[in-house]
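Lettering follows sequence order; numbering is per chain, from 1. Just the heavy atoms: all of them, side chains too, but no hydrogens, waters or symmetry mates, feed the values below.
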Amino acid sequence: MKRIKILHLSDADAPMDKVLVKGWVRTRRDSKGFSFIEVNDGSCLKNIQVIADENLSNYEEINKISTGSAVSIEGKLVASKGGGQKWEIQAEGVDIISLAPESYPLQKKRHTDEFLRTIAHLRPRTNKYGAAFRIRSELSYAIHRFFRDRGFRYIHTPIITGSDCEGAGDMFRVTTLNMDHVPVADGKADYAEDFFGKEAKLTVSGQLEAEMFALALGDVYTFGPTFRAENSNTRRHAAEFWMVEPEMAFCDLDGNMDLGEELIKELLRFVMKECKSDIELFARFVDKQLLGILENIVASDFVRIPYTAAVEILSESNKKFEFPVKYGSDLQSEHEWYLTEEHFNRPVIVYNYPKEIKPFYMRVNDDDATVGAMDVLVPSIGEIIGGSQREERYDILEGRMKETGLPKEEYWWYLESREFGSVPHSGFGLGFERLMMLVTGINNIRDVIPFPRTPKNIEF
RNA sequence: UCCCCAGUAGCUCAGUUGGCAGAGCAGAUGGCUGUUAACCAUCGGGUCCGCGGUUCGAGUCCGUGCUGGGGAGCCA
């Protein structure tokens with residue numbers, strides 16, 4: 001007999017004569033002559049209540065079933081005699097697959113996120129984390145669907161890269177050298193002996209490679225892990241995280257902003273519709289204002305202001321900032337928070353930043369002072385998208401590389417794309433975990449990724 | 001890396017001015033009951049984060065280290 005998932009039982013519209021359910025026991029309560037067993041199989045938030053009568057041949061064993069134990073239940077799906085649930089299973093057989101000892105760390109009552117992080121291998125068995133990771137899966141699907149509907153192609157860009165510096169942050173080294181006996185040449189590690197014959201790192205972005213495919217397939221995107229070896233200790237940063245990076249040929253900065261806004265709104269709409277009961281859990285127990293926040297984002301036009309206008313708003317705000325607002329320096333977190341949470345109270349796209357504070361690949365504007373960069377800021381998360389129109393003019397790109405001290409030889413292939421049929425193109429990076437935080441109201445990135453990697457933390 | 005806060009039972013926490021280590025939940029045992037964070041009774045459970053210091057006496061005060069959290073920087 002094939003097992004049926006609890007998801008399909010809870011929305012059943014008629015009783016069933018014979019069902020087989022397998023899952024983990026959340027709690028068990030005794031009554032006179034029978035026992036209530038709450039079983040969850042991870043297919044949905046809901047448990048199914050099982051009635052195990054004392055006439056069952058192994059009732060003595062059934063009475064030893066503890067929280068966390070795995071069971072297989074055969075019986076009838078019948079209308080529940082008690083309140084609180086529509087259906088329950090009148091068990092005809094309860095097989096104990098394995099008993100969890102009393103040391104099982106998950107209890108019926110609420111645990112703190114900090115404690116659950118120390119048992120990341122068990123936390124998906126809780127209501128909250130089960131819901132979060134079901135949503136994570138649905139959100140991934142929604143991303144692929146969004147791009148496919150619009151004719152984008154999915155590109156697998158490399159995880160290991162030979163580019164010494166991709167412009168963002170410190171990188172993790174990839175090597176097969178024996179770290180206890182590193183071969184030396186001229187007083188330095190000799191990478192000629194290494195696997196690739198030169199230094200290799202984990203990627204910090206698939207952008208440069210994705211650009212090559214945008215200039216061939218038109219509209220493309222990547223969706224995969226990226227790595228930053230920054231010693232960041234905040235609730236919004238992880239050393240390993242997932243990023244969505246669309247890249248579009250024949251697209252300027254306006255088109256880029258349009259896509260970013262549309263993407264965020266569409267993903268929120270999708271999740272509110274397709275993950276309704278899981279989202280409701282977060283709206284009830286994690287952030288009471290969650291639904292209002294999500295609806296507000298879906299309904300509002302994102303504010304779009306140039307960097308100079310943002311600086312003006314901040315200067316005229318009469319708000320005491322720890323760091324002074326000044327043209328030419330990057331916006332501090334407190335400035336971004338002010339714009340998106342206080343001044344506008346909705347998502348804000350800041351664009352056209354001074355070129356001195358942005359990387360070499362961003363397109364220089366006609367004023368020769370700013371570049372076509374854009375950051376999407378949302379309340380409670382901060383920067384969720386960072387992107388730009390790319391510099392497609394060979395000479396200017398080459399000049400910017402010289403200015404920022406990048407070795408031209410390393411990027412010969414990137415420059416060549418500007419030599420052969422170069423076209424205006426744009427793209428951005430969306431932080432997938434930050435999107436998860438936005439959607440669920442969970443305020444720590446370590447709680448929206450299955451096994452988080454942060455400085456000094458690589459357990460599991 | 002810098003600034004701030006915290007660390008007490010398996011979990012969540014209380015612990016007054018420096019004076020015998022506590023509660024709820026969880027666990028075990030018994031009872032009651034179509035229960036649903038079940039209920040009632042009994043019992044077991046501690047390196048008060050580590051190290052050093054002050055003191056007649058430290059969970060409490062001081063120094064230091066570790067771990068966790070929040071903020072900043074870096075960014076998605």
Side-chain angles (χ1 to χ4, degrees), chain A residues 26-39 46-53 64 66-68 78-85 88 90 100-119 126-127 166-170 204-207 223 225-245 260 285 321-323 329-337 357-359 375-378 381-387 428-438 443-449 454-457 459:
Chain A
R26 284 294 171 81
T27 176
R28 190 177 58 81
R29 294 177 292 273
D30 288 328
S31 192
K32 195 174 179 66
F34 60 96
S35 190
F36 295 100
I37 311 171
E38 295 262 0
V39 180
K46 281 189 186 141
N47 305 328
I48 190 80
Q49 175 166 283
V50 175
I51 313 297
D53 195 87
K64 289 183 193 147
S66 52
T67 301
V78 298
S80 178
K81 286 180 200 163
Q85 61 280 317
E88 64 190 21
Q90 186 69 49
E102 62 183 73
S103 55
Y104 183 65
L106 291 172
Q107 299 172 11
K108 280 175 279 187
K109 89 183 181 150
R110 204 188 153 275
H111 289 289
T112 59
D113 293 324
E114 289 79 11
F115 171 67
L116 292 171
R117 235 169 264 156
T118 69
I119 50 167
T126 64
N127 287 339
E166 290 176 348
D170 293 330
V204 293
S205 165
Q207 180 200 317
F223 181 21
T226 45
F227 309 87
R228 305 274 166 96
E230 297 288 348
N231 189 15
S232 296
N233 289 285
T234 83
R235 65 183 183 88
R236 302 192 309 283
H237 290 87
E240 177 183 298
F241 64 98
W242 284 60
M243 194 153 62
V244 182
E245 295 183 288
F285 299 115
F321 292 114
E322 193 189 336
F323 298 92
S329 53
D330 214 348
L331 299 181
Q332 302 285 320
S333 283
E334 55 174 346
H335 304 147
E336 297 181 344
W337 292 127
I357 57 172
K358 288 294 181 184
D375 286 351
V376 180
L377 315 174
V378 295
I381 308 300
E383 184 177 344
I384 195 167
I385 281 179
F428 61 79
L430 167 79
F432 185 59
E433 282 75 21
R434 290 190 181 173
L435 181 70
M436 275 294 294
M437 292 167 71
L438 178 67
N443 58 24
N444 195 310
I445 198 167
R446 290 170 270 236
D447 299 330
V448 295
I449 191 163
T454 52
K456 302 277 184 290
N457 184 359
E459 194 70 48

(message) Is there, by distance only and without an angle test, a donor paired with an acceptor across the side chain of A:R434 and the base of B:rC75 below 3.5 Å?
(response) yes

(message) Mind checking if A:G82 touches a base, just sugar-phosphate, or nothing, with heavy atoms under 4.0 Å?
(response)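 Base, at least one base atom sits under 4.0 Å.
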
(message) Once you apply a heavy-atom cut-off of 4.0 Å, does A:E240 come out as touching a base, just sugar-phosphate, or nothing?
(response) nothing

(message) Please find the pair of heavy atoms, one from A:V204 and one from A:R228, that lie closest to each other, and give the distance.
(response) O-NH2, 2.7 Å

Rounding to an integer number of angstrom, what distance separates [N] and [M] when you compare their [atom1] atoms?
N	M	atom1	result
B:rA28	B:rC66	P	40 Å
B:rG50	B:rG44	P	25 Å
B:rC43	B:rG24	P	12 Å
B:rU55	B:rC62	P	16 Å
B:rU12	B:rU8	P	8 Å
B:rG70	B:rC56	P	43 Å

(message) Could you work out, with salt bridge (charged side-chain N to carboxylate O under 4.0 Å, His left out) as the rule, every residue matching A:E38, not counting sequence neighbours?
(response) A:R29

(request) Output all residues satisfying salt bridge (charged side-chain N to carboxylate O under 4.0 Å, His left out) with A:D53, sequence neighbours left out; order by chain, then residue number. (result) none

(request) Kindly point out which of B:rC11, B:rG34, B:rA76 is positioned nearest to the side chain of A:I51? (result)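 Output: B:rG34.
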
(message) Given B:rA76, B:rU35, B:rA38, identify the nucleotide with an atom nearest to the side chain of A:T27.
(response) B:rA38

(request) Name all residues meeting the side chain to side chain donor-acceptor pair (under 3.5 Å) criterion together with A:S31; count only those two or more places apart in sequence or in a different chain, and write none if there are none. (result)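 Checked A:S31 against side chain to side chain donor-acceptor pair (under 3.5 Å); zero matches.
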
(request) Sequence neighbours left out, what passes side chain to side chain donor-acceptor pair (under 3.5 Å) with A:T67? Give chain and number order. (result)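 Checked A:T67 against side chain to side chain donor-acceptor pair (under 3.5 Å); zero matches.
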
Detail all sub-3.5 Å separations between protein N/O atoms and N/O atoms belonging to nucleotides 29-33 of chain B.
unit_1	atom_1	unit_2	atom_2	d
B:rU33	N3	A:D30	O	2.9

(request) Taking ring pair (Phe, Tyr, Trp, His ring centres under 6.0 Å) as the test, write out the residues that go with A:F428, two or more places apart. (result)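 In terms of ring pair (Phe, Tyr, Trp, His ring centres under 6.0 Å), with neighbours along the sequence ignored, A:F428 is linked to no residue.
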
(message) Holding to ring pair (Phe, Tyr, Trp, His ring centres under 6.0 Å), I want the full list of residues that pass it with A:F36, two or more places apart in sequence or in another chain.
(response) A:F34

(request) Name all residues meeting the side chain to side chain contact (heavy atoms under 4.5 Å, CB included) criterion together with A:N444; count only those two or more places apart in sequence or in a different chain, and write none if there are none. (result) A:R117, A:R235, A:R446, A:D447

(message) Looking at B:rA38, I'd like to know if its phosphate oxygens (OP1 or OP2) sit under 4.0 Å from a side-chain N or O belonging to A:R29.
(response)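 Yes, because at least one side-chain N or O of A:R29 sits under 4.0 Å from OP1 or OP2 of B:rA38.
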
(request) Between protein and nucleotides 68-73 of chain B, map the contacts as a letter string: B base, S sugar-phosphate only, - none, heavy atoms under 4.0 Å, written 5' to 3'. (result) SSSBBB

(message) Test your reading of the model: is there a side-chain donor-acceptor pair from A:S66 to the backbone of A:A100, 3.5 Å cut-off?
(response) yes

